[in-house]
Amino acid sequence: MKTLVIVESPAKGKKIQDYLGEGYKVKASFGHIRDLPAKKEEVPAKYAAEPWARLGIDVQNGFQPLYVVPADKKKNVAELRSLAQEADRVLLATDGDREGEAIAWHLVKALGLKDNFERMVFHEITREAIQKAVTNTRPLDYALVGAQESRRILDRLCGYGVSPALWQSIGPSLSAGRVQSAALASLARRELARMNHVPADYWRITAQISPNEGCEPFNAVVVSIKGQALVGPKDYGSDGQLKADTTSLMLTQEQAKQIVDFIKGRGVTVSGVETAPFSTKPPAPFTTSTLQQAASKALKMGPKKTMDVAQKLYEGGKITYMRTDSPALSDEATQAARAVAAALFGPASVPASPRQFKAKGNAQEAHEAIRPAGKNFVAPDQTGLVEDELALYELIYRRTVASQMIDLQGNKTVLHLKSGAVGLQSSGRVITELGFTRLYADDSDKKDEQPLPNVSEGAALAAPDAKAELRKTPAPGRFTEATLIKALESAGVGRPATYANIIEVLKNRGYTALVEGKMYVTWLGLLVAAYLAEQFPSLVDLAFTVKMEEDLDRIAAGQMKREEYLTAFWTEGLEQTIAGAKHEAPAVALSQFGVVVTARHEQVVMLKDGKSVPLNLDIVPDSLTAEKVEQIMSGRPVSRASSPKSKGGKKPKAKGRKKPPTTLELPEGGV
DNA sequence: CAGTGAGCGAGCTTCCGCTTGACTT
């Protein structure tokens with residue numbers, strides 16, 4: 001054996017072995033092989049007494065990290081080491097991103113490589129790409145490794161630095177971190193906005209309009225009276241009061257009824273017609289984040305389940321790698337997608353030149369999009385897959401092929417109507433070309449689909465029916481697991497390998513849970529978020545990661561020193577904030593009920609007039625009513641309201657956690 | 001004198017990101 005090639009994923013290794021053939025041995029690292037010690041028992045005895053042993057970073061001494069090989073990686077590392085000793089040279093073919101560069105460097109250290117190693121990078125797994133990569137190796141990029149180490153150290157300092165403040169202020173085993181705390185804060189802001197939301201009324205008046213010549217009737221909405229707009233949701237603040245600067249008209253019930261009768265009696269005339277062609281491009285091929293969103297919507301599959309199923313498809317050679325932030329297709333995939341579309345819907349269903357998709361933001365693009373594997377896509381019914389795997393494969397297949405199809409096209413029409421001083425409007429559209437929606441469509445492609453008749457200005461139309469509904473302004477909607485991931489991704493927080501995991505952490509800590517498929521924040525989550533927002537405002541700021549990424553880019557470009565950056569962040573910043581943080585429980589005041597929710601003796605409690613009662617975390621915060629508060633304060637059990645089918649038997653328990661904290665009532669506490 | 005129980009103190013919890021199986025719910 002001459003050359004040892006080390007990749008991150010064993011499934012990837014197998015294919016590359018095929019392409020490289022004899023003379024090469026391809027093995028997998030299985031991700032990272034060394035890390036900071038997770039707990040004290042991982043710290044080697046000679047360092048155990050050091051003051052920095054708990055952090056695993058000698059902050060006084062240039063932020064020197066202590067790396068160990070975790071127990072479950074030892075066997076693999078030993079095997080790689082002996083293979084490396086027999087090899088003439090070692091190609092470090094880990095992923096072409098910051099983490100991959102760091103894994104390569106850790107391999108150099110852990111395997112004791114001297115100077116017989118080179119870095120090999122590729123972005124797609126085809127025979128050509130691999131053979132080219134083997135002959136175009138480069139040296140290790142130590143500045144990029146330094147950026148990754150900075151990221152790792154910063155995350156450790158945030159997480160292990162701030163979490164103890166939560167133990168001292170609220171309860172044991174709680175956690176904080178750059179990613180999870182930003183996510184929790186986003187959820188908590190939304191939850192509080194819902195709790196503080198005061199619904200306000202507005203009238204929505206609609207009319208059914210009947211065109212003269214035997215056409216289908218269509219719907220129109222009243223938008224103005226004597227040119228003055230009607231009050232709608234936009235005119236109210238979150239306090240339920242009309243905004244001071246609104247010029248809109250609020251109707252009384254009497255007036256609304258009069259308008260209904262007026263329209264019915266009088267009919268409408270067409271006062272304007274606007275018609276314009278529209279076209280909608282197909283969505284880009286899947287990244288991890290968009291796959292999770294689509295699977296959630298179309299298949300009702302949560303992010304974790306989606307990733308488990310995708311992993312199976314990947315290992316079975318059905319799809320490309322499922323942890324990616326790039327929507328780009330390789331040339332072979334682009335051709336395959338076009339060929340499928342042309343075969344299914346004819347050559348006119350694909351545009352003359354292939355579509356290209358590029359990632360935006362801080363994507364690292366080490367892989368291509370998630371798509372059917374190979375240079376010829378296997379049709380879903382030919383895969384032999386069943387159930388979840390089939391459903392997810394088909395979703396990926398359709399989305400990939402659709403991305404290379406022509407636009408959805410049609411004409412959008414807005415009719416302006418008048419009934420005396422009452423102004424109405426109706427919009428609709430006519431599809432002239434289904435385009436990619438023949439293969440892949442979601443609800444957003446189906447808006448305003450009513451066809452409108454071909455009428456011209458001045459035409460008089462009957463209004464056989466009209467009605468007025470009193471509506472209430474809706475509270476801001478909750479996040480689903482998938483929409484939270486979308487929000488995090490667009491803020492640059494988290495990575496494809498961690499999106500699903502972020503959600504699991506929030507659930508396992510008891511910070512969030514699901515009601516009717518939506519994420520809500522528990523009382524515990526609200527307290528943690530409140531404490532962090534007060535004592536560690538930068539940690540709950542979504543923009544923090546963006547700033548960090550900019551600094552890491554500077555370190556990777558050699559424009560900033562690692563130690564300088566970490567000194568500014570820790571020694572001159574967070575370390576002092578931690579030292580100055582108050583160790584007292586935060587409080588969420590519910591002034592409308594005259595109670596306060598806080599923590600006492602490591603329990604979440606509700607306080608009223610000096611009396612404190614433990615609070616069950618199953619009670620959804622925004623489901624509280626005065627009666628419920630009464631019931632809680634009198635010590636009677638309260639069931640959680642808005643979920644009719646609460647699953648009593650299911651216990652989402654932390655994986656690595658031996659025993660959940662018993663002093664805090666976590667959601668699984670039941671009873 | 002032996003068994004019990006209150007009280008006290010020590011030790012532990014925790015991060016993000018990269019990968020799969022090994023688990024015990």
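All figures in this text were calculated on a predicted structure; none of them were measured in a lab. Below, chains carry the letters A, B, ... as their sequence lines are ordered, and counting in each starts from 1.
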*Who pairs with A/Glu99 by side chain to side chain donor-acceptor pair (under 3.5 Å), at least two apart in sequence or on another chain?*
A/His32, A/Gln148, A/Arg151
*For A/Ala28, which contact category applies under a 4.0 Å heavy-atom criterion: base, sugar-phosphate, or nothing?*
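Counting heavy atoms under 4.0 Å across all strands, no contact is made by A/Ala28.
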*Cation over ring face, A/Arg119 and A/Trp105, 6.0 Å, 45°*: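 No cation-pi geometry.
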*Base, sugar-phosphate, or nothing for A/Gly31, non-hydrogen atoms under 4.0 angstrom?*
base
*asked:* Applying a 4.0 Å non-hydrogen cut-off, can you work out what A/Gln148 is touching in the nucleic acid: base, sugar-phosphate, or nothing?
replied: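 A/Gln148: no heavy atom of the nucleic acid under 4.0 Å.
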*asked:* Under 5.5 Å centre to centre and under 30° between planes: does that hold for A/Phe30 and the six-membered base ring of B/dT19?
replied: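 Not stacked by the 5.5 Å and 30° rule.
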*Going by the angle between their ring planes, with limits at 30° and 60°, are A/His106 and A/Tyr67 parallel, tilted or perpendicular?*
perpendicular
*Would you say the base of B/dC16 and the side-chain of A/Arg151 have a donor-acceptor pair closer than 3.5 Å?*
yes
*Members of residues 9-18 of chain A that approach DNA chain B, where some heavy atom sits under 4.0 Å away*: A/Ser9, A/Pro10
*asked:* Under 4.0 Å, heavy atoms only, any strand: does A/Arg156 hit a base, just the sugar-phosphate, or nothing?
replied: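 It contacts base atoms.
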*So what does A/Gly494 touch, heavy atoms closer than 4.0 Å: a base, only the sugar-phosphate, or nothing?*
sugar-phosphate
*What stems involve DNA chain B, if each pair must be Watson-Crick or G-U and both of its distances must be under 3.5 Å, with 3 or more such pairs in a row?*
none
_Heavy atoms only, 4.0 Å cut-off, all strands: where does A/Asn501 land among base, sugar-phosphate and nothing?_
nothing
_Polar pair under 3.5 Å, donor/acceptor by atom type, side chain A/Arg152, base B/dC15_ = yes
*Does a nitrogen or oxygen in the side chain of A/Arg178 sit under 4.0 Å from OP1 or OP2 of B/dT14?*
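No, outside the criterion.
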